[in-house]
Every structure is written in structure tokens, then in C-alpha cells.
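Below is one structure, written out as C-alpha cells; the observations come after it.
Heavy-atom basis, side chains included; hydrogens, waters and symmetry copies ignored. Letters go in sequence order (proteins before strands), and every chain restarts at 1.
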Amino acid sequence: MLKGSLRKLLNALLLMIAVLVLNFTLIHIAPGDPVEALVGEMGGATPELIAELRSRFGLDQPLYVQLGTYLGRIAQGDFGHSLYYDQPVTALIAERIGPTILLVTTALFSAIALGTVLGVFSAQRRRSVLSHLVTVISLAGFSAPVFWVGIMLILLLSVSVPLLPISGMSSADSAASGLFYILDVLHHLVLPALTLALIYLAFYSRLSRASMLEVLGSDYIRTARAKGLPKRMVIYKHALRNAILPVVTFAGLQFGQVISGAVLVETVFAWPGLGTLAFESILRRDTPTLLGILFFSAVMVVVMNLVTDVVYRRVDPRIKAR
Amino acid sequence: MTATSTTPASAPEAVSPGRQAWRMFRQNHSALFGLAIIALIVLASVFGPYVYTVPPREMVWMPLTPPGESEYLLGTDYLGRDLLAGLINGGRVTLTVGLSAAVLTVLIGITVGALAGFFGGRVDDVLMRITEFFQVLPNLLFAMVVVMLFSPSLLNIAVAIGVVSWTSTARLTRAEFMRLREMEFVKAERSIGAGNARLIWRVILPNAAPPLIVVAALSIGTAILFEAGLSFLGLSDPNATSWGRMIGDNRPYILDSSWGVTFPGLCIFLTVLAISLVGDGLNDAFNPKLRQR
């Protein structure tokens, strides 16, 4: 058990190093290097000066030495400086990661909870209205671009019926503190979280419905019914426990895509998280920041996978035996 | 009475699996509906620009004219460009990029999955590690980095999407190959001297085709959504109109002109919906047993 966990951690570490190596490779095979950009800004330079700049940036070193230097700097927590903000990339990310986590977890957990409920109920009555509703929701959610859904919701719930704020995480004019601040943030959270949740609701309602249908058709459920257990007990105690396994697995696996989805939703709602920062970095061609965000998102995915693994063991004791 | 059929009417006729699938597919109304929509959109994108010749990138009327208030049916955007012309021309870009990205996704996915599933052991270990790595990368962010570092040409965008999207295809292909490689007909082929290449591409792959066709169809939809997301963020060829880009461009003006965002979004939605319907139809057609779900 302990050995297994250690191997998983090691694997996670290797994955992160691989992401860094990929980052490094991308920067180096991409056209244009920092010295060229600098020389371009200076309006030209002598070959001697170019050579000197190259050696100062370490660009004259062999690639593996440069990679070593890069990894060494990362190990010390140095992700470079933003080309736009006068701040280290790590500080920028630390500032923005909270809102993203708030948005993503709210959306994901609501989608999983509601999706499971919808899936479980619709699996019991296959030809019911609810069952068709799940099909429609899942088709629509799969097909609609998440950013467009966000804009449509703004038009509906902020413009036509002015219920919710259009953008941001808090009202600029209010100097609210304490409880009022929290309520204000929650008020701003509703639309972006709803947008993101709708897309994932599509996925989880369909997944849990399919999984529930499969479990309900299995022998041990028939046995449970045959021995006269109340229906509620069969469904919630026997069936749901197994039907929820794929949901847990996918929640972990999909986390990378959830973060990607958050980039688009945050951009639409000007939610001050990593996604909006990523969007701004593209506009400003701020490569170090964008690469930093990519790395931190990958770290979040890896951590989430580890968490999923732990949860999975809790939900399904059979895994431990393996 | 000239030529009489030799088979009695009641005898079961031999039907190829492909034809059988098509029969199932034909009975699925929503799948046929999806197919019709796709045909319509493809026709409009291919021939539309010749029929409706309004230039999509030029100012033709007052900016922000609502639909139906001028000769330009769907109104104009914030630069006075005809929205309908934009949709027709943007469809070309969106569909081309989506299709090429999907082809790339499927090619990489099938190759990696086939090699891993067929050879197993070391090869499988290494390839699955690589797959795992690409699963961990947040796909949109990674594609954003790639497109930003290299120029946002349509080719680069298609490649970026393909490179980040192949993992699920690879996993599915691998599972199919692992299942099939132990089967009698594969062993029989091997025993009469078929080499690995023949076994992989000519013997196993055709038998693994049905689920892969479904995934391939759905991956076109995913790629279109992906392209739309990238161009919404401004990562698209600056000289090409695409549906996602139209949404991104018109977004700051939604309070004055909701139509500039609504119509391109509807186009994306309908296209991907149609593809999903066809994908579901294919799935049912290939797995009649799963139909009751």
C-alpha cells in the first residue's frame, strides 16, 4: 500500500518534469529567441554584441546545459519574470489561482451531484420524461461551445432579466467586508459556475445514467430485490455505490479539460483567475506567464489524479486487494 | 414467369455488417436529421461563397444593424460587415480546421493505440506513459501555448488540436487490439505467415473499426469546438473569418448587438449537434445490443 503510493508520487513527479522539458523544448524550437527579439527592439546590433548577449543569456551553451539550468531554476521556485507585469510569474499565479479553484470546484461538484441524481432517477424509468431530458441535456451540453453558453446566459440573466452581475468577482464600488464580501463574491460566482456546470452536467448525467443502467441489470441487484429488500435500499445502498465508480474516475481524468474550460469561461466573465491571466498573456505575448500557467495547471491535474485515486480506494475496497 | 428467384422469400439473406449497420442507421430519425444538417452546412460552406457573393470582411452597411432591417438578412456587426457572409465564409474555415484536426487526432490515436495494444510489454509501457503525459496536459492551454509560440496559421491550429486530442482514441484502439490479438482468426493469419504490419493494418484494424468510426465521427465535433475556443480567444489566422472568431470579435458589443454573437454560436452548436446525432446513430447501428440505453 505504502509502496504503491510512493510509486504514484514518483510517477507524478516524473510527469511534472516531463511537462517542464516539453515547455523548454517548445520555447527552443519556436521561431525567434530572446536575443533576436531584443536586437529587434534595439534596432540592430553588431555581431559581437549579439554574441555577447547570447553568452550572457546562456544561449551559447549546449542544449542539455541550458535545460539543466532551466530545471535548476524551476526547482528553486523561479519561473521567470512576466514580460508585462513587473512581477515574478509565481507571484502572479499565486494571486490568481484561488478564484480558479473556487470556480472550478463549485462547477464540478454541482455538476457531479446534480448529474448523478438525474442519472440515477432517469435510469430507473427508462422511457420517462426525465430520461429524455437527460438525453437532451447531454446532447446539448456536448455540442454547445462553453463560451457561447456563457454569453447567452449573460444576455438572459444579466441583460434581459437583470438578476446577476455580468462580470468580475466582486462589485468594484462596494468596499464591503466580511459576510457581505462573501455574499458579493457568491453573487458573481453564480453565472460563471452555472455555465461551466451546465457543460459538465451533460457529461455526468449521461455517464451516471449509463453506469446505473448497467449495474441495475446485474445479478446481485436481482438477488437483492429477490430477497425482498426495499427498493430504496437496493438503489442507494447496493446499486449507487458501484454505479458511482466511473463518475469518480472521470472526475479525476477530466480535470485537465475542466481547467481548459475554465479558461474560456473566465475570459467571458472576466473572472480574475488563471484563465483570464492566460488570455491576457496571449494578448501580450507574455510567454513566461503562459508557460507558468500551463505548468501549474498540469500540477493541479496531477494532484487531482492522486486525490481521485485515494477517493477511489475509499469507494471501492476491491482496488486495495490488487 | 421468366426468371424466378432461387431463394425462397423466407430464407435469411446474407447481409454484410456494413449494410446491416446502414439499415439500423436509416431507421434512426435523429441520426438522419443530423446527417441532413451536416449536408446542408457543408453545401453552404462549399458553394455558398459563389452564390452569396457579399464580401465577408468589408464594411457594407451601417454597423450594428439588427437582422431584417436592411438587405443584409442577418444584420451587420460592429464594423458594418455582413453577418450572413461571415457565417458562410467562416463555415469553410471552421469545417476545414475541424476536419483536418480530427483526421490528425484519429491518425495519431490509432497508430499509438494499435502499436501499444498489438505489441504489449515494453512498447505498451512506453506508449502508455506518453499517453498519460498528454492526458495530464490541460489540452486547451497547451494548444494555446503552441499556437502562440508558432504563428496562428490554420495548419498550426489544426496540428495543435490534433496533438492534444488523441489520447482517448489511443486508449480505445489499444483496448480493441488487446482483445482482438488473441482471437483465433488473428492466430490463423499469423500461422500462414502474415507479418506484423499486415496483422495490424489489414487483419485487426478492420475488425476494430466500428467503435473507432464512432470515435472518429465524434472527434470532428470536438475539434470544431476546440477550434472555436481558440479563435474565440483570438488565436486564429487573422486573415480568415471563422465562427469562433466572429463570437470573440462581437463579444464586446453584445449589449448593442446580441445577434453578432448568437448566430455564429448557433452555427457551431448546430454543426456539433448534428455530428453528435450521427455519432450516436453510428454507435447504435454498430452495437444493436446497447440500443435500449
Report yes if some heavy atom in the side chain of B:Q135 is under 4.5 Å from a heavy atom in the side chain of A:L15; otherwise report no. no
Side chain, backbone, both or neither: which part of A:L155 has a non-hydrogen atom closer than 4.5 Å to chain B? side chain
Non-hydrogen atoms of chain A under 4.5 Å away: do they reach the side chain of B:L235, the backbone, both or neither? side chain
For the CZ atom on B:F33, are there more than 12 heavy atoms of other groups (residues, nucleotides or ligands in this structure) within a distance under 6.0 Å? no
Between B:V272, B:I275, B:L255, which has the largest tally of heavy atom pairs under 4.5 Å with chain A? B:V272
Under a 4.5 Å heavy-atom cut-off, does chain B meet the side chain of A:L274, its backbone, both or neither? neither
Please determine, among A:L283, A:V268, A:L291, the option with the most heavy-atom pairs under 4.5 Å with chain B. A:V268
B:L137 side chain near A:L22 side chain, heavy-atom distance below 4.5 Å: yes
Heavy-atom pair with the smallest gap, counting every atom of B:S276 and A:S143: OG-OG, 3.3 Å
Picking from B:L270, B:L277, B:L273, which has the most non-hydrogen pairs under 4.5 angstrom with chain A? B:L273
Applied to residues 260-282 of chain B, the salt bridge (charged side-chain N to carboxylate O under 4.0 Å, His left out) test, sequence neighbours excluded, yields A:R206-B:D280
If you round to the nearest 0.5 Å, how far is CG of A:L26 from CE of B:M148? 11.0 Å
Any residue of residues 213-228 of chain B which, by heavy atoms, sits under 4.5 Å from chain A: B:L218, B:T222, B:L225, B:A228
From the list B:L266, B:T262, B:I254, side-chain contact (heavy atoms from CB on, under 4.5 Å) partner of A:M152 resolves to B:T262
No-hydrogen, no-angle side-chain donor-acceptor test under 3.5 Å, A:N11 and B:E132: yes
Judged by atom type as modelled, is there a donor-acceptor pair below 3.5 Å linking the side chain of A:W148 to the main-chain atoms of B:V261? yes
Counting only heavy atoms closer than 4.5 Å, note whether A:F147 contacts chain B via side chain, backbone, both or neither. side chain
Does atom CZ of A:F24 have more than 12 heavy-atom neighbours from other groups under 6.0 Å away? yes
Quick check: do B:M144 and A:V263 have side-chain heavy atoms less than 4.5 Å from each other? yes
Would A:M300 and B:V136 satisfy side-chain contact (heavy atoms from CB on, under 4.5 Å), going step by step from the backbone distance to the final call? CA-CA 9 Å; A:M300 276 160 79; B:V136 164; over 6 Å; no
Taking the side chain as C-beta and beyond, is there a heavy-atom pair between A:I151 and B:F232 under 4.5 Å? yes
Between CG on residue B:L141 and CD1 on residue A:I282, distance to nearest 0.5 Å: 8.0 Å
